Amino acid sequence: MALKPLNNIWIRRQQCPCGDWKCYIRLEEDESTITKSEIESTPTPTSQYDTVFTPYVGQIFTTDDEAFEYYSTFARKSGFSIRKARSTESQNLGVYRRDFVCYRSGFNQPRKKANVEHPRERKSVRCGCDGKLYLTKEVVDGVSHWYVSQFSNVHNHELLEDDQVRLLPAYRKIQQSDQERILLLSKAGFPVNRIVKLLELEKGVVSGQLPFIEKDVRNFVRACKKSVQENDAFMTEKRESDTLELLECCKGLAERDMDFVYDCTSDENQKVENIAWAYGDSVRGYSLFGDVVVFDTSYRSVPYGLLLGVFFGIDNNGKAMLLGCVLLQDESCRSFTWALQTFVRFMRGRHPQTILTDIDTGLKDAIGREMPNTNHVVFMSHIVSKLASWFSQTLGSHYEEFRAGFDMLCRAGNVDEFEQQWDLLVTRFGLVPDRHAALLYSCRASWLPCCIREHFVAQTMTSEFNLSIDSFLKRVVDGATCMQLLLEEVSAAASLAKQILPRFTYPSLKTCMPMEDHARGILTPYAFSVLQNEMVLSVQYAVAEMANGPFIVHHYKKMEGECCVIWNPENEEIQCSCKEFEHSGILCRHTLRVLTVKNCFHIPEQYFLLRWRQESPHVATENQNGQGIGDDSAQTFHSLTETLLTESMISKDRLDYANQELSLLIDRVRNTAPANCLYQP
């Protein structure tokens with residue numbers, strides 16, 4: 001059995017973030033594969049023949065393969081297996097006869113004994129069984145088909161029951177995903193019997209119920225041993241050559257586009273380890289919408305042994321925008337640290353306000369080290385998608401009960417409430433020593449809703465935004481069949497995303513509230529539609545003004561989930577305990593309801609964030625860039641700032657010093673009276 005090549009060089013990352021390399025996340029498609037292909041142990045796709053009748057002479061098939069599949073399915077359900085015997089061909093018709101026989105048909109021919117002292121006598125399973133199906137090819141009006149010319153269902157041996165027939169060699173198959181897992185464990189030094197036991201535990205099947213036996217695993221490992229060594233050597237050489245070609249592509253692109261930036265690291269043997277790149281449009285987009293960054297690490301390449309990391313932002317129309325890409329040799333804190341350092345350098349030293357990632361201890365440590373003032377948020381959807389892999393086998397029939405408890409835990413109003421409920425939950429289900437439960441608890445500040453409500457994430461946690469990221473990545477990985485094409489596919493996907501930007505139109509007014517009309521003239525269509533939805537829902541909320549000033553707002557049908565809103569009319573400041581504005585930059589239904597009750601016909605100006613406005617002042621400045629300010633002064637100023645940035649990024653001491661001095665300089669500039677304006681507003 002030879003090692004099969006992978007159909008795709010990019011696959012979903014399955015390594016579990018718990019730190020145990022033997023643990024991996026089973027994707028939903030893998031679950032369906034296990035259920036249908038592995039546990040039921042079907043030898044070939046049989047959905048076409050759910051109901052199989054006994055073959056008969058004269059039965060017609062389109063191809064001989066179709067006939068073999070039909071007879072194989074019949075044999076599987078009857079308690080035996082078949083094999084291909086004789087075939088006859090001619091010059092005119094090619095192969096015109098096929099003989100399929102029972103696996104115990106005929107007799108073994110005596111073999112020449114090996115020249116050894118004690119040759120091993122192997123008992124043959126062949127006993128002259130007469131079970132057979134013969135096919136003959138016929139061509140009528142230029143169309144060929146196969147018909148059954150002979151059929152016999154007479155067997156001179158016992159037919160097997162279903163739990164026995166699955167162990168026949170014809171029906172024992174090691175799926176591609178299992179082959180990769182077996183080879184990984186074999187490389188790590190696991191003996192075959194422990195590999196089989198581990199696979200049984202991972203799949204949740206009882207001992208002996210895998211679609212293959214220990215002997216198959218041993219034969220597979222033995223057959224692949226030499227192939228794996230040769231394949232590893234080939235892939236090492238290919239990775240080196242392909243990474244060098246990718247670097248050459250980056251150099252060529254940098255020569256054509258002065259705003260394109262890239263960087264790489266090398267090991268002690270001067271072999272490329274990590275590569276990162278960003279486009280000029282990405283850097284300019286980050287200067288406007290770099291407050292929130294999504295770092296996606298969903299895909300990795302098994303042949304190249306590289307992790308694909310992609311940085312995304314969100315624009316004022318709620319669409320994902322590419323900010324940069326990295327290829328990392330591993331998923332260690334060291335590699336992630338380099339990726340973050342390089343990204344910040346590409347973005348001219350500016351750190352995001354919030355970065356959203358998958359749950360990963362190495363990435364968490366790297367963010368804490370390189371971005372200490374940046375809020376780290378883990379996507380809740382990524383947490384939920386892993387719960388079944390982590391706890392379903394451990395908890396068995398109690399898993400659904402655990403999920404209900406976990407969902408209730410996520411609705412905790414504060415950290416103290418979460419701590420109490422967490423202790424009760426893990427104790428109740430015996431998960432105190434579980435490493436996955438420990439991982440969740442250690443990262444709780446990054447995913448627990450009550451902890452991240454004050455972190456600004458724009459609209460990156462919506463399903464629509466995540467779908468746009470998934471669509472972008474799938475377009476890239478499906479087309480990047482080799483590493484050289486990855487750069488082209490990323491460029492093409494980014495260009496396509498800009499070309500097919502939909503025309504955003506404003507929805508019609510729905511509430512006739514003056515605030516709605518006011519917001520429509522300031523916000524982008526996307527941001528306005530989000531705010532408008534909150535306005536529509538706000539009319540369903542009742543308001544009670546307390547004696548000391550705050551307002552209690554709750555749904556007219558639901559008494560639970562009430563929010564406390566504080567309104568200061570002098571400064572036109574409003575705050576809500578739900579923290580929606582701090583979280584997304586859009587006022588919530590509770591604050592809008594209070595503003596309506598207090599006869600406010602316009603939303604205070606400070607609650608229209610620049611990033612959600614139709615035209616940001618930063619955009620205008622970027623577009624003018626020297627046309628108004630112009631001349632040699634602007635060019636000299638830009639040259640000085642670029643030199644300052646380059647020199648400051650050499651060390652942390654230099655960067656800290658530059659930040660300190662720049663803060664003082666900005667204060668001095670602000671206090672300087674503008675005697676001669678360089679441009680007219």
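Predicted model, so just to flag it, every value in this text is computed and none were measured.
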Query - Check against salt bridge (Lys or Arg N to Asp or Glu O under 4.0 Å), D407 and R403 - result: CA-CA 6 Å; D407 292 341; R403 271 302 308 270; 3.5 Å; yes
Query raised in the report: salt bridge (Lys or Arg N to Asp or Glu O under 4.0 Å) between D162 and R76: does it pass, once the steps are laid out?
Result: CA-CA 8 Å; D162 187 66; R76 171 70 173 81; 2.7 Å; yes
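- For K132, the salt bridge (charged side-chain N to carboxylate O under 4.0 Å, His left out) criterion is met by D130, not counting sequence neighbours.
- Y134 is linked by a ring pair (Phe, Tyr, Trp, His ring centres under 6.0 Å) to nothing, counting only residues two or more places apart in sequence or in another chain.
- Under the side-chain hydrogen bond (donor to acceptor under 3.5 Å, both in side chains) criterion, E138 pairs with H145, not counting sequence neighbours.
- Nearest heavy-atom pair across K173 and F212 is O-CD2, 3.4 Å.
- The aromatic rings of Y71 and F74 lie parallel to each other, with less than 30° between the two planes, well short of the 60° mark.
- For Q150, the side-chain hydrogen bond (donor to acceptor under 3.5 Å, both in side chains) test picks out no residue, with sequence neighbours left out.
- Annotation: salt bridge (charged side-chain N to carboxylate O under 4.0 Å, His left out) contacts of E248 (sequence neighbours excluded): K251.
- In summary, the side chains of S332 and D330 do present a donor paired with an acceptor at a separation below 3.5 Å, with no hydrogens or angles considered.
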Requested in this report: For the pair S298 and D296, evaluate side chain to side chain donor-acceptor pair (under 3.5 Å) and give the outcome as yes or no after the intermediate values.
Outcome: CA-CA 6 Å; S298 300; D296 189 282; 2.9 Å; yes
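- Residues that satisfy the salt bridge (charged side-chain N to carboxylate O under 4.0 Å, His left out) test with D267, not counting sequence neighbours, are absent from this structure.
- E66 places a side-chain N or O within donor-acceptor distance of the main-chain N or O of T62, the cut-off being under 3.5 Å.
- Residues F295 and L363 have side chains in contact (heavy-atom distance under 4.5 Å, counting atoms from C-beta outward).
- In this structure, N156 contributes its side chain and C127 its backbone to a donor-acceptor pair below 3.5 Å.
- Across N219 and R222, no two heavy atoms sit closer than the pair OD1-NH1, 3.1 Å.
- Residues F406 and L387 form a side-chain contact, since some pair of their non-hydrogen atoms from C-beta on lies under 4.5 Å apart.
- The closest side-chain donor-acceptor pair between D65 and T63, if any, does not fall under 3.5 angstrom.
- Residue-environment remark: CZ (R334) stays at or below the threshold of 12 foreign heavy atoms within 6.0 Å.
- The shortest heavy-atom contact between I359 and P17 is O-CB, 3.2 Å.
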Query raised in the report: Run the side chain to side chain contact (heavy atoms under 4.5 Å, CB included) check on V326 and F311 step by step: do they pass?
Result: CA-CA 8 Å; V326 293; F311 293 93; 4.1 Å; yes
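- When every heavy atom of K137 is checked against every heavy atom of L93, the shortest pair comes out as NZ-O, 3.1 Å.
- You'll find the side chain of M461 stays beyond 4.5 Å of the side chain of S381, heavy atoms only.
- Qualifying side-chain hydrogen bond (donor to acceptor under 3.5 Å, both in side chains) partners for K386, counting only residues two or more places apart in sequence or in other chains: D358.
- The side-chain heavy atoms of L210 and E200, taken from C-beta on, include a pair separated by under 4.5 Å.
- Looking at heavy atoms from C-beta onward, I174 lies in side-chain contact with I182 at the 4.5 angstrom threshold.
- To the nearest 0.5 Å, atom SG of residue C264 and atom CD of residue E273 are 10.0 Å apart.
- Between T136 and Y147 there is a side-chain heavy-atom pair separated by less than 4.5 Å.
- The ring pair (Phe, Tyr, Trp, His ring centres under 6.0 Å) test applied to F68 returns F100, not counting sequence neighbours.
- Aromatic rings of F429 and W390 (six-membered ring for Trp) have centroids beyond the 6.0 Å cut-off, not under it.
- Nearest heavy atom pair, residue Y171 against residue V165, reads CD1-O, 3.2 Å.
- S266 is linked by a side-chain hydrogen bond (donor to acceptor under 3.5 Å, both in side chains) to nothing, counting only residues two or more places apart in sequence or in another chain.
- When ring centroids are compared, F391 and Y399 stay outside the 6.0 Å threshold.
- Remark: D64 CG to Y96 OH distance equals 14.5 Å, nearest 0.5 Å.
- At least one side-chain heavy atom of C102 sits under 4.5 Å from a side-chain heavy atom of H157.
- Of the possible polar contacts, none joining the R126 side chain to the R104 backbone as a donor-acceptor pair under 3.5 Å is found.
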Report task. Just do the side chain to side chain contact (heavy atoms under 4.5 Å, CB included) check on L327 and N274 with the steps written out, would you? Result -> CA-CA 6 Å; L327 288 173; N274 307 309; over 6 Å; no
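- No donor-acceptor pair closer than 3.5 Å links the side chain of S301 to the backbone N or O of L306.
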**Report entry** side chain to side chain contact (heavy atoms under 4.5 Å, CB included) between R181 and Q175, worked out
**Finding:** CA-CA 10 Å; R181 189 74 176 139; Q175 301 294 328; over 6 Å; no
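- With Y70 as reference, F61 is the one residue of F151, W146, F61 to meet the ring-ring contact (aromatic ring centres under 6.0 Å, His included) rule.
- With sequence neighbours excluded, the residues forming a salt bridge (charged side-chain N to carboxylate O under 4.0 Å, His left out) with E331 are R13, R300, listed by chain and number.
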Side-chain donor-acceptor pairs of residues 79-89 under 3.5 Å, sequence neighbours excluded:
residue	atom	partner	partner atom	Å
R83	NH2	S105	O	2.7
R86	NE	D99	OD2	3.2
R86	NH2	D99	OD2	3.3

Which atom pairs, donor and acceptor, lie under 3.5 Å between side-chain atoms of residues 466-473 and protein residues at least two apart or in another chain?
residue	atom	partner	partner atom	Å
N466	ND2	T462	O	2.9
S468	OG	F465	O	2.5

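- Remark: H398 NE2 is loosely packed, at most 12 non-hydrogen atoms of other residues, nucleotides or ligands lying under 6.0 Å away.
- Using a 4.5 Å cut-off on side-chain heavy atoms (C-beta onward), D360 and T297 make no contact.
- For CG of D141, the number of neighbouring non-hydrogen atoms (other residues, nucleotides, ligands) closer than 6.0 Å is 12 at most.
- Here the closest non-hydrogen pair linking T243 and I275 is O-CD1, 4.1 Å.
- Between T357 atom OG1 and F336 atom CZ the span is 8.5 Å, to the nearest 0.5 Å.
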Report task. Take V272 and T265 through the test side chain to side chain contact (heavy atoms under 4.5 Å, CB included) and record every step on the way to the result. Result -> CA-CA 6 Å; V272 178; T265 62; over 6 Å; no
